[in-house]
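We count residues from 1, following the sequence as given. No hydrogens, no waters, no symmetry mates; every other heavy atom, side chains included, goes into these values. Every value quoted in this text rests on a predicted model; they were computed, and no experiment measured them.
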Amino acid sequence: MTVRMGLIRKKAGWTFEDFDAYWHASHGALARRAPHLREYWQNLVLDRLQRGIEFERGPWALDGVSQLAFDNASQSAQAFDGSSLAAELVEDERYFLDDLHIVTAEPSEVVAVPAQQERSALLKRMSIITRLPTVSEEDFRREWKIHGELVKRMAGVSGYRQNVIVGRERVKGRPCSYEELPMDGIVELWFKDAETLEAAFSSEAGRKTMAHAKSFLSQITAFAVSERRIL
């Protein structure tokens, strides 16, 4: 499966409530029309606290993250490259967004993600991660798999998905280099609540996990989000 993610910032003059309502009802109804779309989730950013970790943040100040899932990269490209829907989406995004980056990712469930009806009661954290300059892409992928095994040992993790970034568009529709959009992966973690999250990272297993993170990551930019399924 391929997941196309939009990293978004609302228009400066929009209230958070107006942005949320428009993204949900108007833009959501438009984007869900994409052909071959399997799932569409919106993740509304609630706070930008690191929560339980001591790590340098990147420059990303987001208001939301969209996730559009397709069976493969070819279907994802067909849905947005040069279609009439693609033009409508761009026009609409200019209306309510100040900034939009697109990343294409390959997802992998490390700890099974709970069913949709259970997820609504959980705290979800998403994090953008960037590797150390001395770490190659190949080494990053290897170390992230090792990292996943360490996360499995942390009590209280209700779900954990790794999204390895394989494509980048700093400006939507224009593929760019790693240097232009230096991020390697997006983490999705689910916990019962903030207290459970803090306890997980402050445990011995949590400390070992973060010590390992510092061996291959330079930045972790975390967001608490409220997720909703559009399709």
Side-chain angles (χ1 to χ4, degrees), residues 1 3 5 7 43 45-62 64-65 67 101 103-114 118-119 121-168 177-227:
M1 183 172 285
V3 180
M5 297 188 177
L7 313 179
N43 299 274
V45 172
L46 302 178
D47 70 46
R48 299 171 178 82
L49 303 176
Q50 293 292 73
R51 290 187 185 277
I53 61 174
E54 295 180 4
F55 228 100
E56 179 183 349
R57 287 182 69 87
W60 325 111
L62 307 180
V65 179
Q67 294 174 281
H101 306 316
V103 295
T104 301
E106 296 174 350
S108 176
E109 282 195 6
V110 181
V111 176
V113 177
E118 300 173 49
R119 286 161 65 173
L122 298 176
L123 169 69
K124 181 179 181 181
R125 184 167 83 175
M126 301 186 77
S127 303
I128 299 171
I129 61 174
T130 301
R131 68 182 189 262
L132 287 165
T134 53
V135 174
S136 68
E137 182 178 357
E138 180 182 1
D139 288 344
F140 161 76
R141 293 191 181 204
R142 184 190 66 247
E143 292 299 325
W144 204 13
K145 286 184 179 179
I146 294 171
H147 192 75
E149 294 302 311
L150 294 173
V151 172
K152 284 183 181 180
R153 301 175 190 173
M154 294 168 54
V157 177
S158 297
Y160 174 40
R161 184 187 288 140
Q162 295 179 340
N163 298 279
V164 177
I165 294 174
V166 296
R168 301 165 181 80
S177 67
Y178 178 83
E179 289 70 25
E180 292 175 281
L181 201 58
M183 50 181 71
D184 294 276
I186 295 182
V187 178
E188 296 175 84
L189 274 166
W190 288 263
F191 295 90
K192 178 182 177 182
D193 49 35
E195 290 73 22
T196 306
L197 184 158
E198 295 281 357
F201 281 101
S202 63
S203 67
E204 181 179 357
R207 292 193 297 272
K208 287 181 179 179
T209 300
M210 295 317 298
H212 176 254
K214 291 185 177 179
S215 72
F216 73 107
L217 298 181
S218 63
Q219 295 175 341
I220 299 177
T221 310
F223 305 91
V225 303
S226 173
E227 62 176 354

Q) Quick one: do Glu204 and Lys208 make a salt bridge, cutoff under 4.0 Å? A) yes
(Q) Strictly below 4.0 Å, N to O, side chains only: are Arg141 and Glu137 in salt-bridge contact? (A) yes
**Q.** Criterion side chain to side chain contact (heavy atoms under 4.5 Å, CB included) on Ile53 and Ile220, from CA distance to verdict
**A.** CA-CA 9 Å; Ile53 61 174; Ile220 299 177; 3.8 Å; yes
Nearest-0.5 Å distance, [atom1] of residue [X] to [atom2] of residue [Y]:
X      : Y      : atom1 : atom2 : result
Arg131 : Asp184 : CZ    : CG    : 4.5 Å
Ser127 : Leu189 : OG    : CG    : 6.5 Å
Arg168 : Glu179 : CZ    : CD    : 9.0 Å
Ile128 : Gln219 : CD1   : CD    : 10.0 Å
Leu217 : Glu56  : CG    : CD    : 11.5 Å
Lys145 : Gln162 : NZ    : CD    : 9.0 Å

**Q.** Given Leu123, Leu197, Val113, the one that forms side-chain contact (heavy atoms from CB on, under 4.5 Å) with Trp190
**A.** Val113
Q.
Is any side-chain heavy atom of Phe55 closer than 4.5 Å to one of Met210?
A. yes
Q: Would you check if Ile165 and Thr104 make a side-chain contact, meaning some heavy-atom pair closer than 4.5 Å?
A: no
Identify the heavy atoms of [X] and [Y] that sit nearest to each other, and give their distance.
X      : Y      : result
Val135 : Asp139 : CG1-CB, 3.8 Å
Leu122 : Lys192 : CD2-CA, 3.8 Å
Arg125 : Arg51  : NH1-O, 2.6 Å
Val157 : Val151 : CG2-O, 4.1 Å
Ala155 : Ala200 : O-CB, 3.3 Å

Q) Between Asn43 and Gln67, does a side-chain hydrogen bond (donor to acceptor under 3.5 Å, both in side chains) hold up when you go through it step by step? A) CA-CA 8 Å; Asn43 299 274; Gln67 294 174 281; 2.8 Å; yes
Q. Pick from Tyr160, Phe216, Phe140: which one makes a ring-ring contact (aromatic ring centres under 6.0 Å, His included) with His147?
A. Phe216
Q: Check for a donor-acceptor pair, side chain of Arg161 on one end and backbone N or O of Glu109 on the other, with a separation under 3.5 Å.
A: no
Q) With sequence neighbours excluded, what pairs up with Trp60 under the ring-ring contact (aromatic ring centres under 6.0 Å, His included) test? A) none
Q) Excluding sequence neighbours, so at least two apart, what forms salt bridge (Lys or Arg N to Asp or Glu O under 4.0 Å) with Glu227? A) Arg119, Lys124
